[in-house]
Amino acid sequence: MTDVIPKSYPEIESFDELEIPEDLLRGIYAYGYETPSVIQKRAIVPILKGRNLIAQSQSGTGKTACFLIGAMARVDKDCNEPQVLIICPNRELANQIYYNFNSFNTYMKLTGTLLMGGTSVEDNFKALDSGVQVIIGTPGRVFDMLRRYALKTNKMKCFLMDEADEMLSKGFKEQVYDIFQYIPKGVQICAFS
Ligand code: AMP
């Protein structure tokens, strides 16, 4: 893992040490997680603190839960506007992240939606119109929703890229740049790869 995390954040040994909502903690345990993985021990806290972050670790090391827990905990439940935007390079991964989000969300009950190609644009509009706090999607459809001002970013707190190396490579770079234009200054940026 790239060590851009300041030493001032000690590693956690247990999910209980995290300053996160009780109902999120319950969701994590209910999903069957007992102890945090290495990346989770190190990177959840800086996400909670609102730091910008670059984190690298091999696949299968628990990255998804790491950024989801950090990002979900930052959501203000009383505000039903997009606060977390997570983008990733393909639909399979987007589905996987969304599945994990729903699992951790069993008790917390945030509102969330999936924005990706191959799904109904009309349904995306409806979901966004009904008020959603967490958005997970692929760049093309996310940009489309931003461009049409269906996805609003004025309450955005955290913009997160999974597979950031791929997202910033040739195929996606321009789309990601376009999305970036809609992200207000000061929003937390997290890149995982
Ligand atoms: P990922 O690297 O995010 O693809 O996760 C790899 C696998 O590890 C997935 O099946 C996760 O559900 C699982 N996993 C992630 N974090 C933990 C944890 N703290 N305890 C147990 N399993 C975990």
Side-chain angles (χ1 to χ4, degrees), residues 1-5 9-75 83-110 112-119 133-139 141-142 157-169 171-172 176 179 188-193:
M1 206 179 113
T2 308
D3 199 0
V4 291
I5 300 167
Y9 299 121
E11 284 187 13
I12 53 152
E13 289 305 321
S14 155
F15 289 120
D16 294 338
E17 291 171 49
L18 294 170
E19 288 170 27
I20 60 174
E22 195 60 40
D23 45 13
L24 173 57
L25 189 64
R26 239 177 110 201
I28 297 166
Y29 284 128
Y31 188 48
Y33 290 5
E34 291 174 356
T35 50
S37 69
V38 173
I39 190 167
Q40 291 161 8
K41 284 180 179 174
R42 298 184 66 185
I44 297 175
V45 173
I47 301 173
L48 291 177
K49 302 282 184 195
R51 302 282 309 210
N52 292 336
L53 185 93
I54 299 173
Q56 286 180 307
S57 80
Q58 281 165 345
S59 59
T61 51
K63 270 184 290 185
T64 317
C66 180
F67 62 68
L68 276 173
I69 294 167
M72 287 171 74
R74 298 209 60 217
V75 174
Q83 295 173 58
V84 170
L85 173 61
I86 301 172
I87 58 168
C88 67
N90 60 66
R91 298 173 193 179
E92 193 190 344
L93 196 51
N95 268 312
Q96 219 172 300
I97 297 168
Y98 191 59
Y99 175 84
N100 270 332
F101 161 72
N102 283 317
S103 306
F104 298 141
N105 198 34
T106 306
Y107 303 103
M108 197 177 184
K109 300 199 183 303
L110 298 176
T113 198
L114 197 51
L115 300 180
M116 59 180 196
T119 64
Q133 294 160 325
V134 177
I135 315 285
I136 295 160
T138 51
R141 184 62 62 91
V142 166
K157 285 183 160 178
C158 175
F159 175 64
L160 220 143
M161 261 182 290
D162 193 15
E163 305 291 346
D165 48 347
E166 197 177 334
M167 300 296 281
L168 298 172
S169 71
F172 286 110
V176 172
I179 290 172
Q188 176 184 31
I189 312 285
C190 298
F192 278 75
S193 72

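In listed order, ligands and their atoms are each counted from 1. Computed from heavy atoms alone, side chains included, the values below leave out hydrogens, waters and symmetry copies.
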task = Collect the protein residues that have a non-hydrogen atom under 4.0 Å from ligand 1 and hand them over in chain and number order.
result =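 Contacts of ligand 1 under 4.0 Å: Phe15, Tyr33, Thr35, Pro36, Ser37, Gln40, Gly60, Thr61, Gly62, Lys63, Thr64.
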Okay, side chain of [X], backbone of [Y]: is any donor-acceptor separation there less than 3.5 Å?
X	Y	result
Lys63	Ile39	no
Asn52	Ile189	yes
Lys109	Thr106	yes

key: Under the side chain to side chain donor-acceptor pair (under 3.5 Å) test, residues paired with Tyr29 that sit two or more places apart   =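 Asp16.
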ask   = In chain order, what residues pass the side chain to side chain donor-acceptor pair (under 3.5 Å) check against Asp23, with sequence neighbours excluded?
value =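 Here the qualifying residues are Lys77.
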Which residues share a side-chain contact (heavy atoms from CB on, under 4.5 Å) with Arg74, sequence neighbours left out =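 With sequence neighbours excluded, Arg74 shows a side-chain contact (heavy atoms from CB on, under 4.5 Å) to Lys157, Cys158, Gln188, given in chain and number order.
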